[in-house]
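Below you'll find the structure, written out as structure tokens, and then a few comments.
It should be emphasised that the depicted structure is a prediction, and the values quoted were computed from it without experimental measurement. Quick note on labels: first sequence line is chain A, next is B, and so on, each numbered from 1.
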Amino acid sequence: MNARIGWIAFNTFREAVRDRVLYNLIAFALIMTAAAVLVGQISIQIERIVVVNLGLTAISIFGIIIAIFIGVGLVAKEIERRTLYTVLSRPVRRWEFIVGKFFGLAGTLVVNTFFMALGLFAALFYVAHEFTRADLGLVVALYFIVLQFFLMTALALFFSSFSTPIMSSVFAFAVFVIGTFADELHGVASMLPGVSKALVTGFAYLVPNFSSLNVISRVAHNDPIPFSLIGLNTVYAMLYSAAAISVAALIFDRRNLK
Amino acid sequence: MPVIEISGLEKRYLVGFWRKREKIGLHPLTLAVEKGEVFGFLGPNGAGKTTTLKLLMGLIFPTAGTANILGLPSYDHRVKARIGYLPENPYFYDHLTAEELLEYLAQLSGVDARNRKPRVQEMLSRVALTGSSRVQLRKFSKGMLQRVGIAQAILHNPEVVFLDEPMSGLDPIGRREVRDLIQALKEEGKTVFFSTHILSDAEALCDRVAVIHLGELRGVGAVDDLTSRVTGQVELLWQGAGAIDGIVALGGKIHATGEIVRATLPEANLDAAIDAIRRAHAKLIAVTPVRSTLEDYFVEKLGADAAVTMTGKTEKTGARS
Amino acid sequence: MNRRAITVVLAAVAACSLGGAVATAMAVERVRGEGLKEEELFLPSGAVLKRLSLGYSGLLADIYWTRAVQYFGELHHEKAVHYGLLYPLLDITTQLDPHLTVAYDFGSIFLSQAPPEGAGEPEKAVELVRRGIRENPKEWRLYANLGYIQALELHDYRAAAQSFHDGSQIPGARPWMKVMAATTAEHGGEVQTARYLWSRLFETADDPMLKQNAVKHLRAFQVDDDISRLEALVAEYKKRTGAEPASFGALISMGWLSAAPRDPLGHPYRLAPDGHVYVQSPAELPFITRGIPPGAEPAVVPKTF
């Protein structure tokens with residue numbers, strides 16, 4: 001059983017990597033370096049801050065978009081185009097398929113992020129000419145961004161399990177935007193009375209919290225991230241992804257394939 | 001015990017904007033296929049052949065009835081390792097090569113690691129794709145994809161093979177090759193269940209056929225039986241145009257190519273026809289009884305109350321819906 | 001494993017993970033909560049944000065407004081004395097949406113008031129409101145806001161009177177603007193003027209926090225009045241009887257009071273042996289200048305008025 005998940009994951013990884021996704025890495029690295037050079041010429045003293053902010057934000061946004069498109073593309077499209085038929089006619093359980101897809105996509109995104117991070121560090125070195133201990137914070141920020149990607153992938157799979165490719169992308173992106181404003185949702189909830197407060201607070205907790213995984217500005221200012229936050233965020237991302245994937249598997253298990 | 005046992009298998013859909021109207025994709029189907037048979041599932045496009053196959057493969061779920069394969073429920077896992085499936089118009093992962101795809105599917109089918117590579121190569125050569133094994137699938141023509149599809153259906157040496165329109169997209173040579181392959185599978189003792197709307201293929205290959213139309217099973221029978229019925233017509237072949245009028249008078253239908261004439265007429269008038277030919281000093285070449293073809297059976301089963309064109313579009317003349 | 005078993009397991013995993021995720025989210029909020037109040041939080045400039053917001057600046061303004069209110073509310077709850085982010089947040093809000101009047105209303109009071117009831121930055125408040133006036137020249141209420149700050153926190157009565165006057169000239173301005181101009185000009189430093197201003201503010205404010213704040217000020221005036229009056233009665237009593245009254249009961253029996261006097265919160269006033277009158281819980285009555293029991297910290301650093 002585990003072996004099948006592994007093969008599905010590997011195959012997904014291979015398919016994703018060959019699917020032009022690789023080219024964005026090169027594009028990104030080039031853009032980053034160019035931006036860094038430009039920035040260095042405009043502003044003095046805060047180049048590092050700008051490079052870190054710009055770089056991490058770009059990695060985050062690029063990555064989320066990739067996560068949505070390959071997450072949706074490699075599952076919803078696969079279902080629509082019947083590539084799936086020959087796989088599912090074999091002794092593969094439907095939930096194994098979903099889980100395998102998740103790991104394959106997650107792996108792709110990790111590799112993706114790794115190369116983009118290299119570009120970022122290169123740009124940073126160009127600007128600051130040295131690496132300090134404070135730059136370790138960048139690694140934490142990148143780790144959190146990867147956790148965001150896992151969450152996004154799980155959500156993309158969730159929507160793909162019952163919706164068309166286009167609608168899945170739209171839903172996934174919408175959930176990302178809402179999740180980014182999770183803090184504001186909590187804020188609004190705290191100002192409401194009674195039942196509305198309970199409802200909005202509940203909703204604020206159900207929505208995937210992308211903002212707590214965003215420590216970009218803290219890291220840009222060399223603000224240390226507490227270990228407890230790292231641990232908690234890891235647990236949160238794992239649990240939430242598990243929830244999304246198991247529901248995706250549940251739905252997919254019952255789905256009549258066109 | 002039958003290898004495939006279908007009992008009351010039904011599929012209903014809810015259609016319409018509010019999903020209120022019901023449409024029946026497959027009326028309750030009962031069918032059995034024995035071991036080693038080559039079974040043809042015939043019907044025009046949209047008849048329900050693919051629906052039946054998808055139900056058997058567990059890609060869609062029945063609203064009633066059961067299906068057993070090799071004695072186990074069709075959705076049972078242990079069954080899936082012993083069957084092979086070729087979907088209609090298969091579509092595969094664009095960026096894998098044929099070799100990689102087959103290896104991946106072999107892994108999923110549980111083929112032993114040691115055997116995988118040799119098996120894959122064997123399959124590739126069997127479907128004549130060895131030269132393109134390293135080419136990415138997105139560059140494959142339809143015919144090549146079809147052959148990959150067949151390869152993946154048999155690579156794990158299944159006992160039962162399900163093929164949905166296996167000849168589709170193939171040129172005459174390809175079709176011949178597939179026919180030979182199915183024949184070979186039969187000789188290996190496998191059971192083959194395939195759907196098609198090309199009757200000549202079915203007639204050549206199948207032991208038994210079933211005819212399905214508008215989601216309903218219209219008839220089942222052994223090909224030999226169905227085509228051995230004599231229609232009561234004979235076909236005459238002779239040389240000499242002069243005899244034509246006489247034959248037409250006896251109720252014959254004429255096809256003339258230069259001096260060679262072919263005519264079909266009722267058997268009762270055979271003697272009179274031979275006389276007519278002799279009187280016209282024409283040279284009789286052959287006399288053959290006309291046997292019923294599968295097409296006759298097919299059209300008959302499709303129902304006198306519906307005129308069916310080869311594309312499957314139905315013009316309703318009767319009350320059937 | 002048959003299908004039913006798989007379904008049950010998946011459903012259980014889904015439910016447990018989701019529950020666990022929510023619980024973890026709460027824990028995360030707690031950990032992050034400590035970091036959010038830091039004053040070094042990177043806040044981008046309003047102008048940059050406006051450009052980045054791709055036309056959705058109104059929504060973004062609302063979001064920052066929410067943050068500003070939440071920020072102030074949380075800190076105020078903890079009786080903070082430092083509200084460093086309040087001005088930046090309001091600044092960004094009004095740059096994103098210069099017509100968000102409630103932000104100016106809020107800022108004019110809570111930026112200017114002394115901590116812990118405000119940020120204690122009246123000059124910044126003035127700056128904020130002046131920008132509001134620039135962007136909303138027809139909004140006469142902003143002149144009132146400006147007047148409040150100048151009168152009540154900066155004690156610049158001439159400037160306040162001018163602001164009220166300017167505001168009263170705008171079509172649609174309420175007649176009381178003229179009254180405020182006159183009152184501030186003639187009776188700038190008097191308690192009655194301040195009382196009048198706060199009453200006006202209470203009536204015109206929509207925001208519950210602003211109303212609540214005005215109520216606190218009005219209560220403080222009430223307390224100051226009460227205590228002046230009560231202490232005067234006590235002095236009178238002493239003059240007539242030659243001794244300090246033992247309790248308010250003595251004053252009641254004199255017919256000068258109908259019942260034991262209570263402060264606006266309903267707590268009874270305390271009569272000390274030396275003739276002073278004190279409130280029971282000074283912490284609940286910010287802004288009072290009299291009646292604070294000896295040794296108690298005033299809720300707000302009192303300003304000489």
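At most 12 heavy atoms of other shown residues, nucleotides or ligands fall within 6.0 angstrom of atom CZ in A:Phe103. Enclosure of atom CZ in A:Phe162 by more than 12 non-hydrogen atoms of other residues, nucleotides or ligands within 6.0 angstrom is indicated. Remark: A:Phe13 CZ is packed, more than 12 non-hydrogen atoms of other residues, nucleotides or ligands lying under 6.0 Å away. Atom NZ of B:Lys142 has more than 12 heavy atoms from other residues, nucleotides or ligands within 6.0 Å. More than 12 heavy atoms of other residues, nucleotides or ligands lie within 6.0 Å of CZ in B:Phe61, so this atom counts as buried by the packing criterion.
Residue B:Tyr13 touches chain A through its side chain alone, counting heavy-atom pairs closer than 4.5 Å. Both the backbone and the side chain of B:Phe92 come within contact range of chain A, with heavy atoms under 4.5 Å apart. The part of A:Arg255 that comes within reach of chain B is its backbone (N, CA, C, O), which places non-hydrogen atoms under 4.5 angstrom from that chain.
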In sequence, state the C-alpha distance, the side-chain angles, and the governing distance for A:Thr83 and B:Asp94, and then conclude on side chain to side chain contact (heavy atoms under 4.5 Å, CB included). CA-CA 10 Å; A:Thr83 328; B:Asp94 280 335; over 6 Å; no

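Atom CD of residue B:Glu88 and atom OH of residue A:Tyr85 lie 9.5 Å apart, to the nearest 0.5 angstrom. Atom-to-atom distance recorded for B:Lys80:NZ and A:Leu88:CG is 7.0 Å, nearest 0.5 angstrom. From B:Gln107, atom CD reaches atom CG of A:Asn11 across 8.0 Å, with rounding to the nearest 0.5 Å. Distance check, rounded to the nearest 0.5 Å: CG of B:Leu56 to OG of A:Ser89 gives 12.0 Å. Residue B:Tyr93 holds its OH atom at 3.5 Å from CD of A:Glu78, rounded to the nearest 0.5 Å.
Chain A forms more heavy-atom pairs under 4.5 Å with one residue of B:Leu105, B:Ile60, B:Thr50, B:Leu101 than with any other, namely B:Leu105. When the candidates B:His156, B:His77, B:Met57 are compared by the number of heavy-atom contacts under 4.5 Å with chain A, B:His77 comes out ahead. Ranking B:Gln152, B:Arg78, B:Arg82, B:Gln136 against chain A, the residue ahead of the rest is B:Gln152, based on heavy-atom pairs under 4.5 Å.
Among all heavy-atom pairs drawn from B:Leu96 and A:Arg14, the shortest one is CD2-NE, 3.4 Å. The minimum heavy-atom distance between A:Arg94 and B:Leu59, with the atom names listed, is NH2-O, 3.2 Å. Closest of all the heavy-atom pairs between B:Ser109 and A:Pro91 is CA-CD, 4.2 Å. Smallest separation of non-hydrogen atoms from B:Arg116 and A:Trp7: NH2-CZ2, 3.6 Å.
Contact of the A:Thr86 side chain with the B:Pro87 side chain is registered, since non-hydrogen atoms from C-beta on lie closer than 4.5 Å.
With hydrogens and angles disregarded, a donor-acceptor distance shorter than 3.5 Å links the side chain of B:Lys54 to the backbone of A:Leu257.
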